[in-house]
Amino acid sequence: VSIEHIFYKIDMTWRQLDEPSPDVFFLHPAVHNCYSVEYLFGGSALKPKVMIIPINPVIPPPFEVQPRFETWWHILRPLLASSPRWKPWLEFMDDQASDVPPPMPTMYEDLLDASIWFGQCSLSAVEKMLRDLEKRALKYVLHHVDGPYAVYVRLDVHKALTRGDPKEKPDAYVSWLRGWFCKPESRYFDLLEALAGAEVQRSADPSVPLVEREAALCRFLYAQRIPVESRNFNCKANMISSQGGAGEHSCLRTDLRGWGNEQVVSDTVQPTVKAC
């Protein structure tokens, strides 16, 4: 069964609902990425008040990366089938009873969890997708980032919750800093930052030349073998113009982020990368 067929069934079910404004839409990261939101809501009359969308939090704004989730899922599938943690999920998804490899060690299961997040869209890719949906009268505003999730509220709800000027919308970069980069626990969440490498942190630093920031992201995508549907930077050009060896900075780059109780920073939540 193709994912398009599943989306079609969901869309047909939604069209039969009496309530056009459900409270919350939550997308599980193991189901799909932001593409499913565009597919399901592009022609639907449903307008939930709140949408909670998973993201790949290691890719900062303004970089837009939308992976091909189905391709990524099929790449991971042989590994997922040998995972005691993921095997029940696969059995639920389909009835294929093919040869199952022996169980993998628990430590490798943690790496698989991180891979699911690597198949998600970046925050800026979600922002672009929702801007495109505004043409279809589906208007949402980023409320906050909560770790690997972006929380959006419908425009009318945003206006009701906002104390100041309702036309002012939260900055995606600042929301990402507060909700992910500046939170100490983010360093250990599903080993995302450890697997992505310290070099990826350079992509969040405005003081680093843009071509180097983009090249760092390109090396990350290539190293993890993440299939990409679309992105707003040219990896081939950036990799050539920033030659110096893949991973050159990864061994030299120190983690400058301090904890909230250290002298490096006065508060855990900071408005800039260097302040974190």
Side-chain angles (χ1 to χ4, degrees), residues 7 10 22-41 46-69 72-73 76 85-86 89 110-133 138-155 157-158 161-162 169-196 200-201 203-204 217 220 224 226 229 268-270 273 276:
F7 286 164
I10 296 175
D23 290 334
V24 178
F25 169 80
F26 173 80
L27 176 63
H28 194 283
V31 172
H32 215 280
N33 60 21
C34 67
Y35 169 77
S36 63
V37 177
E38 181 180 12
Y39 187 98
L40 293 173
F41 290 98
L46 289 182
K47 298 180 180 179
K49 300 178 181 66
V50 178
M51 288 203 297
I52 303 176
I53 304 174
I55 60 173
N56 180 354
V58 302
I59 302 179
F63 302 109
E64 301 169 5
V65 177
Q66 179 183 335
R68 297 177 180 173
F69 189 84
W72 185 235
W73 178 265
L76 296 178
R85 185 183 303 170
W86 284 96
W89 180 269
D110 295 334
L111 304 182
L112 283 179
D113 292 345
S115 297
I116 296 299
W117 295 107
F118 287 163
Q120 299 302 314
C121 304
S122 66
L123 177 60
S124 289
V126 177
E127 288 274 286
K128 179 182 182 301
M129 179 266 299
L130 289 176
R131 286 197 302 270
D132 293 340
L133 287 179
L138 196 73
K139 299 182 179 181
Y140 283 83
V141 178
L142 177 63
H143 187 268
H144 67 279
V145 172
D146 184 8
Y149 291 98
V151 181
Y152 289 85
V153 296
R154 207 171 56 199
L155 182 59
V157 177
H158 167 73
L161 295 175
T162 303
K169 300 181 180 180
D171 181 81
Y173 181 70
V174 174
S175 297
W176 176 80
L177 287 176
R178 293 175 176 173
W180 173 260
F181 195 80
C182 293
K183 296 176 67 174
E185 60 267 29
S186 297
R187 303 177 184 182
Y188 308 104
F189 180 84
D190 273 349
L191 302 178
L192 291 183
E193 290 198 353
L195 291 176
V200 176
Q201 297 175 19
S203 63
L217 287 177
F220 159 70
Q224 298 296 331
I226 300 174
E229 178 68 27
T268 301
V269 178
Q270 296 290 336
V273 171
C276 291

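Side chains included, hydrogens not; waters and symmetry mates left out as well; all remaining heavy atoms used.
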- The reported gap from CD1 in I55 to CG in N33 (rounded to nearest 0.5 angstrom) is 12.0 Å
- Task: Could you please spell out the steps behind the side-chain contact (heavy atoms from CB on, under 4.5 Å) verdict for W72 and S115?
- Result: CA-CA 9 Å; W72 185 235; S115 297; 4.0 Å; yes
- Spacing of CD belonging to E38 relative to CG belonging to L138, to within rounding of 0.5 Å: 11.0 Å
- For P67, does its backbone N or O pair with a side-chain atom of Y35 as donor and acceptor, under 3.5 Å? no
- Note on the structure: In this structure, CG of D171 is separated from CG of L142 (nearest 0.5 Å) by 9.0 Å
- Looking at W180 versus Y149, is the centre-to-centre ring distance below 6.0 Å? no
- Query: So, do V58 and F118 sit near enough that their side-chain heavy atoms are less than 4.5 Å apart?
  - Reply: yes
- Query: Is the backbone N or O of V65 less than 3.5 Å from a side-chain atom of S122, with the two atoms forming a donor-acceptor pair by type?
  - Reply: yes
- Query: Does any non-hydrogen side-chain atom of P62 lie less than 4.5 Å from one of Y173?
  - Reply: no
- Value rounded to 0.5 Å, distance of OH in Y140 from CZ in F41: 6.0 Å
- Task: Rounded to the nearest 0.5 Å, what's the gap from CD1 on I53 to CG on L123? Could you check?
- Result: 9.5 Å
- Message: Please determine whether side-chain contact (heavy atoms from CB on, under 4.5 Å) holds for the pair L27 and V37, giving the CA-CA distance in whole Å, both sets of side-chain angles, and the decisive distance to 0.1 Å.
- Response: CA-CA 8 Å; L27 176 63; V37 177; 4.1 Å; yes
- From H143 NE2 over to I52 CD1, what is the distance, rounded to the nearest 0.5 angstrom? 11.5 Å
- Do T162 and K169 pass the side-chain contact (heavy atoms from CB on, under 4.5 Å) test, and can you show the C-alpha distance, the side-chain angles, and the key distance before you say yes or no? CA-CA 10 Å; T162 303; K169 300 181 180 180; over 6 Å; no
- Message: Just so I know, are the side chains of P60 and F181 near enough to count as touching, which here means a heavy-atom distance under 4.5 Å?
- Response: no
- Message: Side chains of K139 and H158, heavy atoms from C-beta outward: is any pair under 4.5 Å?
- Response: no
- Item | Check: Q201 side chain, E193 main-chain N or O, donor-acceptor pair, under 3.5 Å | no
- Message: Can you tell me how the ring of H28 sits relative to the ring of F26, calling it parallel under 30°, perpendicular over 60° and tilted otherwise?
- Response: perpendicular
- Find out whether C121 and Q66 are in side-chain contact, i.e. whether some heavy atom of one side chain is under 4.5 Å from a heavy atom of the other. yes
- Check: P170 and V141 side chains under 4.5 Å, non-hydrogen atoms: yes
- Message: Do E127 and Y152 pair up side chain to side chain, a donor and an acceptor below 3.5 Å, judged on atom types alone?
- Response: yes
